[in-house]
Amino acid sequence: MDRTADVVVIGAGIAGTAAAYYLAKGGAKVVVCEKGEIAGEQSSRNWGFVRQQGRDPAEIPLMMEANKIWRGLERELNADLEWLAAGNLVTFATEEERAGWENWQKTAAQYGLSSRILGRTELEAMVPGNAFDCLGGIFTESDGQAEPAKVTAALARAAEGRGAEFFSQCAVYEVETTGGAVSGVITERGAIRAPVVVCAAGAWSSRMLRTLGLRLPQMWVKGSVARTTPGPIISHTATWTGVAFRQRRDGTFNIATRSADHDLTIDSLLNMPAFLGSFARNKRAIKLHLNRLSLELIAGSFSTAALGRELTSHRILDPAPNHRVLRRTLAELHRLLPATAAVEIDRSWAGYIDMTPDMLPAIDAVSQPSGLIMATGFSGHGFGMGPIVGRLVAELIQRGKPSLDLGAFRFGRFHDGTKLKPHSVV
Ligand SMILES: Cc1cc2nc3c(=O)[nH]c(=O)nc-3n(C[C@H](O)[C@H](O)[C@H](O)COP(=O)(O)OP(=O)(O)OC[C@H]3O[C@@H](n4cnc5c(N)ncnc54)[C@H](O)[C@@H]3O)c2cc1C
């Protein structure tokens, strides 16, 4: 392969694929290089919550715009995405939590986003027969859910329909620069010349960017998810009440909890200083492990050639789910929703989430090298944001100016002394 493009996108998760869709729609010649398969990693493994609720205030305008796109996305892509606009519900168990949510509700209202605080009676109407341990909840009616595996696949088909090219099994080893500007990429199948490269490499972005001398503090956290057998339809509202669940149209549930695993790698050490505060706050929810991955991902941190070998020997990150946690999660679902007593785990999976210290992404056109666009670091909530991220990346490239303020997502914040602290409620 020796070719040219207007834009090369690294990674066919929802961020890279949506970017390719909007770029191709705007007339650009786009090539997407994916080391594994389209949406093989986080973008097909997430819960499928599409929520504005609980977001860091900086993300609320993006998610409100994303919400508008989601509402018309099935029509736009001519595909069934299992979109259900049944809202997002989070319960609270203490007065302190209630106060936190009331504050968030006021902030959201300043942006024009409407959410309601619900009492127990309203909760009963929304999720009939529930045994939630809570004082009440907060509900954002305009939120929804969709089926992750279907969404990125549909975006890719639509992008291809507009001329974008997708190469699977095609790892990018290196971004090439000439005189301080991006000039292309070296892939396992050869070189592609392009003046613009989008780094949408998900959990691999930090390792990829290091080859350019750029430091993106990023930590992998493994989340486990189970899908149950079908149960009676109770509610399609995506709900977080200790257990996170969403019931699909066919009656099956996706279930998970906040409990997460961190497999220690060399990156854990390199990035640790930026994450100490966040680790201290979440230490009960995160379990640390030393395992094969810890040994496998060492060499690539120090040489581009070794990184290339790691990218091709980890075509798709497919970690083992934490079965113990998922069995407990199912038992909790049975307790919280007694009508689900007969549902069982049908299948389970896990995915590595790419966390940043403030749990905000980097969506930015960096100055050094020029021509490099970042769309990464979605910190466990980038599925809902995917479509708007794609549109904003296309605007950055094709208009030179995005339609929404991306100041909070600038890459420079990791290095200019900005205090990096999460402000999201969930
Ligand atoms: C368990 C779990 C639950 C989640 N729940 C939700 C939720 O309910 N709602 C929500 O909004 N978000 C959720 N998320 C987060 C969401 O899935 C991610 O934020 C989003 O999918 C990130 O998309 P991405 O395109 O940035 O990354 P990815 O989907 O990870 O895609 C990156 C792609 O880049 C490829 N790649 C990497 N390096 C290279 C290279 N050098 N060359 C070529 N290809 C490369 C990878 O193979 C990968 O396919 C969840 C995530 C997990 C794991």
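Both counts, for ligands and for their atoms, begin at 1 and track the order of listing. Index from 1, following the sequence.
- Residues in residues 319-330 take part in these side chain to side chain donor-acceptor pair (under 3.5 Å) pairs, two or more places apart or across chains: D261-N322.
- Taking only non-hydrogen atoms, the option from S43, G384, G380 nearest to atom 11 (O) of ligand 1 is G384.
- Atoms of ligand 1 lying under 4.0 Å from any heavy atom of I10, numbered from 1 in the order shown and given with element: 39 (C), 40 (C), 41 (N), 42 (N), 43 (C).
- Contacts of H334 classified as side-chain contact (heavy atoms from CB on, under 4.5 Å), with partners at least two apart in sequence or in another chain: L330, T340, V343.
- The shell of residues lying under 4.0 angstrom from ligand 1, judged by heavy atoms, includes V225.
- Less than 4.0 angstrom separates some heavy atom of A15 from each of these atoms of ligand 1: 25 (O), 26 (O).
- Annotation for ligand 1: atoms under 4.0 Å from non-hydrogen atoms of I353 are 51 (C), 52 (C), 53 (C).
- For atom 16 (C) of ligand 1, the closest heavy atom belonging to the protein is F383 N, 3.6 Å.
- Each of the atoms 42 (N), 43 (C) of ligand 1 lies under 4.0 Å from some heavy atom of A171.
- Using cut-offs of 30° and 60° for the angle between ring planes, the W204 and W220 rings count as perpendicular.
- Considering only heavy atoms from C-beta on, H262 comes within 4.5 Å of S268 through its side chain.
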#### Entry: Step-by-step side-chain hydrogen bond (donor to acceptor under 3.5 Å, both in side chains) determination, Q218 to D267
CA-CA 8 Å; Q218 194 186 40; D267 284 343; over 6 Å; no
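- The shortest N or O to N or O distance between Y352 and ligand 1 is not under 3.5 Å.
- Taking a cut-off of under 4.0 Å to the non-hydrogen atoms of C33, the atoms of ligand 1 that pass are 43 (C), 44 (N).
- Ligand 1 places these atoms under 4.0 Å from at least one heavy atom of R45: 1 (C), 2 (C).
- For atom 44 (N) of ligand 1, the nearest protein heavy atom (residue, atom name, distance) is K35 N, 2.9 Å.
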### Query
Yes or no on side-chain hydrogen bond (donor to acceptor under 3.5 Å, both in side chains) for Q53 and W240, after CA distance, side-chain angles and deciding distance?
CA-CA 11 Å; Q53 181 150 280; W240 169 254; over 6 Å; no
### Residue pair Q52, S142: steps toward the side-chain hydrogen bond (donor to acceptor under 3.5 Å, both in side chains) verdict
CA-CA 8 Å; Q52 303 151 97; S142 51; 3.1 Å; yes
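- Close contacts of ligand 1 with G351, meaning ligand atoms under 4.0 Å from a residue heavy atom, involve 53 (C).
- Ligand 1 places these atoms under 4.0 Å from at least one heavy atom of F378: 19 (O), 26 (O).
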### Task
Evaluate the ring-ring contact (aromatic ring centres under 6.0 Å, His included) criterion for residues F383 and W70: first the C-alpha distance (whole Å), next the side-chain angles of each, then the deciding distance (0.1 Å), finally the verdict.
CA-CA 11 Å; F383 173 65; W70 277 104; 5.4 Å; yes
